[in-house]
Amino acid sequence: MFKTLFIVNVCPLKIFFLFITILIAACLGGCGEISDMHIEDVDIIVAETHKEASDLTGHSSVSLYAVTVWVYGVSGPTTCYGHHETDYLQRDDYAGHPIYRNGDTIHISISASGPAGPAICGDAVSMHEEAIFIGFCVPGGYTLRVNDFTKTFFVGSEL
């Protein structure tokens, strides 16, 4: 009798949690709108390191510069929008970070998400700021692309 009573009392609870789990999984798959974030500006911070890397011939060394970008973007037209994901190439060239060569284009993709349907949101524009360490660069010229925003920059004391 105790075993039957236990099963009867636990089954509705298990069914309730199963229903909630299915509802959450369904919302994660399609309850929000995801799009590329509009980028307003990007600041590029270059710091000289005391590290060197062999050039492509392997006969001489070149200085490495640490590069961090500070991205300013608009997540969406209301406060219901926010940062979704930042994606950029992460090679393991040097200490777990990429080394870029003169002439390389560095790509970063940032997406924003918001509600799929009607929601109660504030009228303020939702902004996003993010600092991203992109890796190391040898002296030279580079192009940075963050979504539809493009900026060129130079690294090295002789440039």
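Here the structure is a predicted model, which means the values were calculated and not measured.
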Please give me the minimum heavy-atom distance between [X] and [Y], naming the atom from each residue.
{"X": "Phe133", "Y": "Ala66", "result": "CE1-CB, 3.8 Å"}
{"X": "Cys137", "Y": "Val67", "result": "SG-CG2, 3.6 Å"}
{"X": "Gly156", "Y": "Pro139", "result": "CA-CB, 4.2 Å"}

query = Would you say Ile34 and Met127 are hydrophobically clustered, going by side-chain heavy atoms of ILVMFWY under 4.5 Å?
reply =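 Different clusters.
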message = Would you say Ile45 ends up clustered with Ile108 if hydrophobic residues are merged whenever their side chains have heavy atoms under 4.5 Å apart, either directly or through other cluster members?
response =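 They do not share one cluster, since no chain of ILVMFWY contacts under 4.5 Å joins Ile108 to Ile45.
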Counting N and O atoms only, with roles assigned by atom type, does the side chain of [X] sit under 3.5 Å from a partner on the main chain of [Y], one being a donor and the other an acceptor?
{"X": "Asn147", "Y": "Met37", "result": "yes"}
{"X": "Lys151", "Y": "Thr143", "result": "no"}
{"X": "Thr49", "Y": "Leu64", "result": "yes"}
{"X": "Ser126", "Y": "Thr79", "result": "no"}

Could you measure the distance from the [atom1] atom of [X] to the [atom2] atom of [Y]? Nearest 0.5 Å is fine.
{"X": "Tyr100", "Y": "Thr105", "atom1": "OH", "atom2": "OG1", "result": "10.5 Å"}
{"X": "Ile134", "Y": "Thr68", "atom1": "CD1", "atom2": "OG1", "result": "7.5 Å"}
{"X": "Glu48", "Y": "Tyr65", "atom1": "CD", "atom2": "OH", "result": "4.0 Å"}
{"X": "Ser109", "Y": "Glu85", "atom1": "OG", "atom2": "CD", "result": "7.5 Å"}
{"X": "His84", "Y": "Ser75", "atom1": "NE2", "atom2": "OG", "result": "12.0 Å"}
{"X": "Asn102", "Y": "Phe154", "atom1": "CG", "atom2": "CZ", "result": "9.0 Å"}

Would you say the side chain of [Y] lies within less than 4.5 Å of the side chain of [X], judging by non-hydrogen atoms?
{"X": "Val74", "Y": "Glu40", "value": "yes"}
{"X": "Val69", "Y": "Leu144", "value": "yes"}
{"X": "Tyr81", "Y": "Cys121", "value": "no"}

Residue that, paired with Val71, satisfies side-chain contact (heavy atoms from CB on, under 4.5 Å) out of Asp43, Thr86, Asp41, Ile132 =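 For Val71, the side-chain contact (heavy atoms from CB on, under 4.5 Å) test succeeds with only one of Asp43, Thr86, Asp41, Ile132, which is Ile132.
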key: Stepwise side-chain contact (heavy atoms from CB on, under 4.5 Å) test for His83 and Ile110   = CA-CA 8 Å; His83 175 259; Ile110 302 177; 3.8 Å; yes
query = Does a donor on one side chain and an acceptor on the other come within less than 3.5 Å for Trp70 and Glu130?
reply =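 On atom types as modelled, these side chains do not qualify, holding no pair under 3.5 Å.
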task = For side-chain contact (heavy atoms from CB on, under 4.5 Å), just list the numbers for Val42 and Tyr72, CA-CA rounded to whole Å, side-chain angles, deciding distance to a tenth of an Å, and then say yes or no.
result = CA-CA 6 Å; Val42 175; Tyr72 303 93; over 6 Å; no
task = Determine whether more than 12 heavy atoms belonging to other residues, nucleotides or ligands lie under 6.0 Å from atom CG of Asp148.
result =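 More than 12 heavy atoms, drawn from other residues, nucleotides or ligands, come within 6.0 Å of this atom.
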inquiry  = Tell me every residue that passes ring pair (Phe, Tyr, Trp, His ring centres under 6.0 Å) with Tyr142, counting only those two or more places apart in sequence or in another chain.
reply    =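 Ring pair (Phe, Tyr, Trp, His ring centres under 6.0 Å) check on Tyr142 returns Phe153.
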